[in-house]
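Worksheet: one structure, shown below.
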Amino acid sequence: MATGIKDKVAILGMGCSRFGERWEVGSEQLMVEAFNEALEDAGIERKLIGAAWLGSALDAVNVGNSALPLATALRLQGIPVTRVENMCATGTEALRGAVYAVASGAVDFALALGVEKLKDSGFGGLPVPSKGTMNDLWMPYCSAPAGFAQLASGYGARYGFSREELKRALAHVSWKSHQNGARNPKAHLRRPLEMDAIIKAPIIAEPLGVFDCCGVSDGAACAIVTTPEIARSLGKRDLVTVKALQLSASSGRESGTAEWDGSSVPNTQLAARAAYREAGIGDPRQALTQIEVHDCFSITELVTMEDLGLSEPGRAVADVLDGRYDADGAIPCQTDGGLKCCGHPVGASGLRMVYEHYLQFLGRAGARQLPKPRLGLSHNLGGVPYNGVAAISIVGLL
Amino acid sequence: MNGGIGIKSFGVFVPRARIPRAAIADAHAWALPGLKSLGRGERAFCSWDEDPITLAVQAARHCLVGQSEGPRTVSLASTTAPFADLQNAAILSQALRLPETVTAQDAAGSTRAGLRALVQALESGNGGRALVVGADDRRAKPGSTQELTYGAGAAAFLTGDNQPLARYLGSYAASAPFVDHFRQSGAPYDYYWEERWIRDAGVAKLVPEAVKQLLTRIDVPAGRVAWFGLAGAPSGGDALVATALGIPRERLVPDLQGTVGDTGAAHALLLLAGALERAKAGDVVVIAAFGLGCEAVAFEVSHPPAASPYGLAAALGRKTVENSYLKMLSFSGELQLDWGPRSETVIKASLSQQYRSAASLAFVGGRCGKCGQVQFPVMPNCVNCAASGALAPYPLSDEPAHVATVSADWLQYYPAPPLYVGLVQFEAGARALMEIVDVPAAGIEVGAPLNFVFRLKAHDELRHYSRYFWKAVPAA
C-alpha cells in the first residue's frame, strides 16, 4: 500500500541564481551559481551526491539534450544523471526525480537542478518552439499568452464579469507581485508598478496586457535532498521536508469534449486534491502559510486561487481585490515576486518556488520574511489551461 | 440538342474584403494621377489565407448545398492556381470529401478556361454530373491599371440532365492570334497592350461574330436573348457588342467591374450566375468570353433558381470594406513587412504525415461506437471513454458550432493580426482549438455561432508549398 512521500525526504540545501537578463553568463555558469550555493548550504562534499536530475524545458535554447549539460557544468563524474522535461513543470519534475531516488533508498543524496537560458533566443517573450515533426497540419500556431487568455474569456463568461472588472482584479495580481519582487534581490523585475499603468498597458493577447505577462529571464535553481535522519546526523535543525509531490496531465478531455467551460484548470484541481491528500491537509486555507503559484499570466494566478480551493468558485476576483493574497494577507502568494517578477526560466521555476519557501522557513527571506511560515505550496502549469500538466509540491517544517 | 443536359445548380464565392478603387488610386496619386479616372467602385481582394483553391472550395460547397447526387468529375479552371505540378482540382476534390473515383482535372492557360471547362462538361456526351469551378485571384503590379480593375472570386456549376435549372442550347468557339495580354510561366504580372486597340480591333470585331455564329447554330434570333454577358473585355466592351448585335443594353448582365473586379477564368461563370439569378422561365442567356478569340455559350432557363445565400447576389452583399491599400499589398505579398523573429519559424510540411492525415485535413472527425462522443482529431483511443479503434468517420465542416473560449493574439506572428484563436464547440459534442478568421473589428464573444471555411493554413516560402485546413468564421 502506497504511503506517499510525506516527510520521507528532507531538503538539505538549496541554491538559486540571480534571475534576469544574464547576458554575461551562459547556462553552465547559471547552473554552477545555483549549485555552489546549494552545496555550501548542504554542507556536504560534491562526491556524496549519488544521482542528479536536470530540468530543462526548451532543448533548442542553450542548455541542450541529455544529462551532459549538467554533468559537464558541475563535473559530476560517473553518477546517474537524467534530464527531464515536462514543459513549465520541468523544475518540479527534476525535484520529484531526486526526492523519489532518496525515498526509495537508492541513494543518500540526490540533486535536482533546473535551468533555462532564454535570453539568447533573441525573443522578447518565450521563443517559438522548434517544430520538428510536430503535427501542425491543423493545430493553430498561437502564443502562450493567447493560450492562457482563453481562461479569461471562459471565466468572464461563466461568472458574468465584464472585461473591466476582470482587468481590475488581474491588475491587482500583477501589482502585488511587483510590490513583492521589489524586495527580492534575485528577482528580474524589481520596480513596483502603478495600478493604472498595469491596466492601460498594451494588449498582448486579449484581455492580457504586457504587465499581465510574466517576465522572461535566465536562471537556475537547485536542491540537494536526503533523508531526515541523515540531515539530522549532519547537524541540521529546523528540517524542511517534502510533504507532497503531485502531477496531473491532460488526456485531451478539456480540449476535446464539452466538459471544460474555460473558467478553471482541471489539472490544477486534480493535482491539488492528490497533494492535499498526500500531505494530510484537510483545509488548505487553514494549513497553508504561503503559496507560490504559476503566475505565467495574471489570469492564471487568479483562477489558480479557486483551483487550489483557496477561494470559492467565482470569488477569486473579490478575494484578490481584498488583498487576501498580498504579502500581508491571509495567504501570502508570490512573496518573491513570482514568475511575474522573477521571470520564468522554464526549467528553473518549480525549484525557484520551493527555494522561496525554504528561505522563508529558515528565516532567510530578508525584507520579505513572513512572520510564521510553516507550510508552503508551489504550483506549476505546463502547456495551456486546456491541454497541459499541473505540478504541485508542498514543503514545510518537519 | 444534347437532350436535357444543363445546369443543375451553381454557387458563388467572392472574398469578403473589398477595397474602394479610390483608395488604391489615392495611394498612387503622387506618381500616377491618371489612375484617379478608374477610382469609382470597389474590387474584391483575397485575405492572406485565401487563394484560388480556397475560393473554389467555397464556391463548390455553395453549389453542392442540397444536391443529393454529387459530381463524377471535377474541373478547376484558373489562371492563378497555386500549383503548376500538383493538381489543384485534386485538393478541391479532397476538401469537398468527394469519392476517390471522382476524376479531377485542372484547366488553365486562358481566362476563357472557365467557360471552356463548362462547355466541355456539357458536351461530354454522357449526361453525367460534372462540377466545374472557375476561380482566380489575379495579381497586378502596384500602380498598374489592372491593380484597380482586377478582382478575385469563384463560381461553381454542377451539370446534369435531370430537370436542369437551365438547358444547354449550344456553344461556339473561335481562335484568333489576337494577344491582348500575356503572362509567361513564372512571370509575376500580366502585360497588356493598348486598351483602345483591344476594344476596337479585338472585342468589337471578334465577339459579335462569335455570338452571331452561335445564335445561327442554335437557331435563336438575337432578339430572343434575354441576358447577355461578356467576360475578358475592357469595361464597356459588353455594351459595344450588344449594340452590334442589336441586344438592348438593359439585357446586359452587370459586368461586376466596379463591385468584384475582373476575375479572369471565373468571370464568365460569375456573369452566368448573375444572369441565372435575374432570368425567368424561357429566357435565353448568352455568355461570351473574349481571349485569343472568343467563346460563347447559350442556355434556356427552365426553372429559375430561388433567391439563395449561395449565389452571386448574396456574395456581393457579404463584404467588409477595407480602406487600407497597404493591407491589400501585404495580403497579396507585394509588400513584405518586417514581422520580426516570430515569423521565422520553420513550417515545413511533412508529406508522409499529411498523407496519413487526409481525413483530418478534410475535417473529418470521429464518433465513438461505444460512448457516442464526437471528436476531432481522430486518435487511436476515444477522448471520452478510451475505447480503442471504435471511431466512425464524422465530417465536421458543416456542423453547427460556437465559440467556447477565445483570445485575440497580438504576440504570435500572424499575417492579419490579431490572430483570433479559441476552442470551438460543436453542438455534436466535438471540440477543437481553431483559428477564427473574418472577425469584425468589434471582436467575437464566447457563445457566438460559427461556420467553417477552407483556408490556407501556412505557406512555406522556402520550399514553395501551400497547405490548407479549415478555419472558423463568425456565422452570418
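In what follows, chains carry the letters A, B, and so on, assigned in the order in which the sequence lines appear, proteins first and then strands, with residues in each chain numbered from 1.
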Exercise. With a 4.5 Å limit on heavy-atom distance, are the side chains of Tyr386(A) and Arg431(B) in contact?
Worked result: no

Can you tell me if [X] has over 12 outside heavy atoms packed within less than 6.0 Å of its [atom1]?
| X | atom1 | value |
| --- | --- | --- |
| Met379(B) | CE | no |
| Arg463(B) | CZ | yes |
| Glu445(B) | CD | no |
| Glu100(B) | CD | no |
| Glu194(A) | CD | no |

Exercise. Got a sec, which residues hit salt bridge (Lys or Arg N to Asp or Glu O under 4.0 Å) with Glu306(A), two or more places apart in sequence or on another chain?
Worked result: none

What distance do [X] atom [atom1] and [Y] atom [atom2] have between them, rounded to the nearest 0.5 Å?
| X | Y | atom1 | atom2 | value |
| --- | --- | --- | --- | --- |
| Phe123(A) | Glu344(B) | CZ | CD | 6.5 Å |
| Asp409(B) | Ser143(A) | CG | OG | 3.0 Å |
| Trp410(B) | Glu206(A) | CH2 | CD | 10.0 Å |
| Ser255(A) | Gln375(B) | OG | CD | 11.0 Å |

With a 4.5 angstrom heavy-atom cut-off, is it the side chain or the backbone of [X] that approaches chain A, or both, or neither?
| X | answer |
| --- | --- |
| Gln373(B) | side chain |
| Phe426(B) | neither |
| Val446(B) | side chain |
| Pro418(B) | neither |
| Leu411(B) | both |
| Ala386(B) | neither |
| Leu423(B) | both |

For this session: Taking all heavy atoms of Leu137(A) and all of Ser357(B), pick out the closest pair and write down the distance.
Result: CD1-OG, 3.6 Å

Exercise. If you look at every heavy atom in Ser407(B) and Ala149(A), which pair is closest and at what distance?
Worked result: OG-CB, 3.2 Å

Exercise. Top residue by heavy-atom pair count (under 4.5 Å) with chain B, among Ile203(A), Thr257(A), Asn387(A), Asp261(A)?
Worked result: Thr257(A)

For this session: Kindly assign one of parallel, tilted or perpendicular to the pair Phe469(B) and Trp138(A), based on the angle between their ring planes and the thresholds 30° and 60°.
Result: tilted

Problem set entry | Ala258(A) versus chain B, the contacting section by heavy-atom distance below 4.5 Å | both

Which one of [options] has the most heavy-atom pairs closer than 4.5 Å to chain A?
| options | value |
| --- | --- |
| Leu419(B), Asn381(B), Val406(B) | Val406(B) |
| Ala458(B), Gly422(B), Gly365(B) | Gly422(B) |
| Ser360(B), Ala404(B), Ala430(B) | Ser360(B) |

Exercise. Hey, which of Gln353(B), Arg467(B), Lys457(B) is the one that makes side chain to side chain donor-acceptor pair (under 3.5 Å) with Asp136(A)?
Worked result: Arg467(B)

